[in-house]
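For reference, the structure discussed in these notes is given below.
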Amino acid sequence: MDLVLKVSDYYILTPYVYPSSWPEDGALRQLISLLLVTNLGAAVLYLGLGGLSYFLIFDHKLMKHPQFLENQVWREIKYAMTSLPVISIPTVALFFAEVRGYSKLYDNVNESPMGWPGVLFSMISFLLFTDMCIYWIHRFLHHKRIYKNFHKPHHVWKIPTPFASHAFHPVDGFLQGLPYHIYPFLFPLHKVLYLGLYVFVNIWTVSIHDGDYRVPRLLQEVVNGSAHHTDHHLFFDYNYGQYFTLWDRLGGSYRHPSALLGKGPHDLIRKLMMDGKLSANTDKVNGCANADSHMKESMPRSKME
């Protein structure tokens, strides 16, 4: 994060924002700057990536699904934009520790313990480490004593759009993002690679909410995609993973995506249209109660919220 801070100081903050009496390495100035940069960056990534995915990838036919909420897209955006500033407060504390030199981030490849192979290894280990941590944090958030207060707001979106990707309760959002910030305090990582991985994480988070259920056949059993994560939203106790299915398989929580078995959201929409319960020209459902009943019958009662 100090790279971002240096660029911000050089082009904007030093010449236009702060008085010359405030040194760039002052703790108070760094905290204020990190808070501003983090909030701005989070909003740009969320709205930018979410908007691109919503308009270019998300299948808007999913909005006809009986469990798609009224004004859902606006509600997702509003919830995310009110949560992100709160999430940024403890996140900035971790960024501040990075900037002050307490992490194992490094500037040059020759500082890597193994050179370029070490850089490549750190990228792979970052994905594996964060995937493992997020699995257990996510599963913890589904504990009956935790779920209702912190994680349930994210499960309001049964058929999520890309804008649901960051629509978390602040505690939920911070905890699931924590592994990304913890990694460089435990393991060496190149600063530029860390920024790249941080952007990738946001892209991936949007992608598993984008409603594009296509997964290459060879990767269906390995990669946790939108089809897998949509089943998590619908059936609750399955597919907790972030990138891979490994920990779901080890933890007994893997569910092969219903969308890849001909039993997904699109299949229900087609069935409702064939049964005359859903108009092809409107997002409204005719006989919504019957449609909801159909969904409830396909879901274990103990999983319903």
Side-chain angles (χ1 to χ4, degrees), residues 49 53 57 104 113-114 117-144 146-147 150-151 154-155 157 160 162 164-166 168 172-190 193-194 196-261 263-265 299-300 303:
L49 295 173
S53 181
I57 299 175
K104 296 186 178 183
M114 296 182 289
V119 174
L120 177 61
F121 176 78
S122 66
M123 179 177 67
I124 296 171
S125 65
F126 176 91
L127 296 176
L128 293 175
F129 174 83
T130 55
D131 187 61
M132 175 188 69
C133 292
I134 291 172
Y135 173 84
W136 289 109
I137 290 171
H138 195 175
R139 190 156 185 171
F140 165 76
L141 288 164
H142 274 255
H143 189 280
K144 61 183 179 181
I146 304 297
Y147 176 83
F150 299 116
H151 193 53
H154 186 63
H155 274 272
W157 332 113
S165 58
H166 293 64
F168 289 98
D172 185 359
F174 175 70
L175 287 177
Q176 294 208 55
L178 188 58
Y180 309 128
H181 306 298
I182 289 296
Y183 181 93
F185 286 95
L186 301 176
F187 309 103
L189 185 64
H190 195 287
L193 178 59
Y194 183 41
L197 288 168
Y198 191 76
V199 173
F200 169 78
V201 162
N202 280 273
I203 293 172
W204 190 270
T205 302
V206 169
S207 75
I208 60 175
H209 295 87
D210 68 9
D212 186 349
Y213 303 141
R214 296 171 298 177
V215 183
R217 186 173 295 276
L218 292 177
L219 299 179
Q220 288 178 3
E221 303 292 331
V222 178
V223 174
N224 179 67
S226 181
H228 301 72
H229 194 69
T230 295
D231 270 12
H232 174 73
H233 278 258
L234 287 170
F235 301 103
F236 300 98
D237 289 341
Y238 302 96
N239 300 348
Y240 296 104
Q242 180 75 348
Y243 319 110
F244 310 113
T245 63
L246 172 64
W247 285 99
D248 279 300
R249 293 182 182 281
L250 293 175
S253 55
Y254 176 74
R255 177 188 176 95
H256 194 70
S258 57
L260 303 181
L261 298 172
K263 300 177 182 179
M299 301 164 70
K303 313 303 180 192

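- Asp248 is linked by a salt bridge (Lys or Arg N to Asp or Glu O under 4.0 Å) to nothing, counting only residues two or more places apart in sequence or in another chain.
- A distance of 10.5 Å separates CG in Leu234 from NE2 in His229, rounded to the nearest 0.5 Å.
- The closest side-chain heavy-atom distance from Ile182 to Cys133 is not below 4.5 Å.
- Close placement of the Phe129 and Phe187 rings is indicated, their centers lying within 6.0 Å of each other.
- Here the CZ atom belonging to Phe174 is positioned 9.5 Å from the CD1 atom belonging to Ile137, to the nearest 0.5 angstrom.
- Closest approach of Gly241 to Asn224, counting heavy atoms only: O-ND2, 3.0 Å.
- With values rounded to the nearest 0.5 angstrom, Asp237 atom CG is found 8.5 Å from Tyr147 atom OH.
- Under the 30°/60° scheme for interplanar angles, the aromatic rings of Tyr240 and Tyr135 are found to stand perpendicular.
- Ser207 meets the side chain to side chain donor-acceptor pair (under 3.5 Å) test with no other residue; sequence neighbours excluded.
- Between Thr205 and His166, some side-chain heavy-atom pair lies under the 4.5 Å cut-off.
- Applying the side chain to side chain donor-acceptor pair (under 3.5 Å) test to Gln176 and every residue at least two apart in sequence or in another chain returns Asp172.
- Residues Trp247 and Tyr254 form no side-chain contact, since every pair of their non-hydrogen atoms from C-beta on lies 4.5 Å or further apart.
- To the nearest 0.5 Å, the span separating CH2 on Trp136 from CG on Asp131 amounts to 12.0 Å.
- Contact annotation: the side chain of Leu175 never approaches that of Phe150 to less than 4.5 Å [non-hydrogen atoms, C-beta and beyond].
- Here the closest heavy-atom approach between residue Ile208 and residue Gly225 is recorded as CG2-C, 4.0 Å.
- Tyr213 is linked by a side chain to side chain donor-acceptor pair (under 3.5 Å) to nothing, counting only residues two or more places apart in sequence or in another chain.
- Other residues, nucleotides and ligands contribute at most 12 non-hydrogen atoms within 6.0 Å of the CZ atom of Phe121.
- Every residue two or more places apart in sequence or in another chain that forms a side-chain contact (heavy atoms from CB on, under 4.5 Å) with Leu193 is listed here: Val119, Ser122, Met123, Leu189, His190, Leu197.
- A donor-acceptor contact under 3.5 angstrom links the side chains of His232 and His142, judged on distance only.
- Using a distance-only test at 3.5 Å, with no hydrogens or angles considered, a donor-acceptor pair links the side chain of His233 to the main chain of Trp157.
- The side-chain contact (heavy atoms from CB on, under 4.5 Å) check on Val215 picks up Leu219, Gln220, His228, with sequence neighbours excluded.
- Applying the side-chain contact (heavy atoms from CB on, under 4.5 Å) criterion to Phe140, with sequence neighbours excluded, gives Ile146.
- No side-chain heavy atom of Val223 sits under 4.5 Å from any side-chain heavy atom of Thr245.
- Counted by atom type alone, Tyr183 and His181 present zero donor-acceptor pairs between their side chains at under 3.5 Å.
- Legend: residues meeting salt bridge (Lys or Arg N to Asp or Glu O under 4.0 Å) with Arg217, ordered by chain and number and at least two apart, are absent.
- The backbone N or O of Ala227 lies less than 3.5 Å from no partner atom in the side chain of Thr230, so there is not a single donor-acceptor pair.
- For Asp212, the salt bridge (Lys or Arg N to Asp or Glu O under 4.0 Å) partners at least two apart in sequence or on another chain are Arg214.
- Not counting sequence neighbours, Arg139 has no partner by the salt bridge (Lys or Arg N to Asp or Glu O under 4.0 Å) test.
- The line from CG of Asn202 to OH of Tyr198 is 5.5 Å long, rounded to the nearest 0.5 Å.
- The OH atom of Tyr194 sits 10.5 Å away from atom OH of Tyr180, with the distance rounded to the nearest 0.5 Å.
- Every residue two or more places apart in sequence or in another chain that forms a side-chain contact (heavy atoms from CB on, under 4.5 Å) with Ser258 is listed here: Asp231, Phe235, Lys263.
- Remark: side-chain polar atoms of Ser53 are not paired, donor with acceptor, to backbone N or O of Leu49 under 3.5 angstrom.
- The closest side-chain donor-acceptor pair between His154 and His209 falls under 3.5 angstrom.
- For His143, there are no side chain to side chain donor-acceptor pair (under 3.5 Å) partners at least two apart in sequence or on another chain.
- With contacts defined as side-chain heavy-atom distances shorter than 4.5 Å, the pair Leu186/Lys104 does not qualify.
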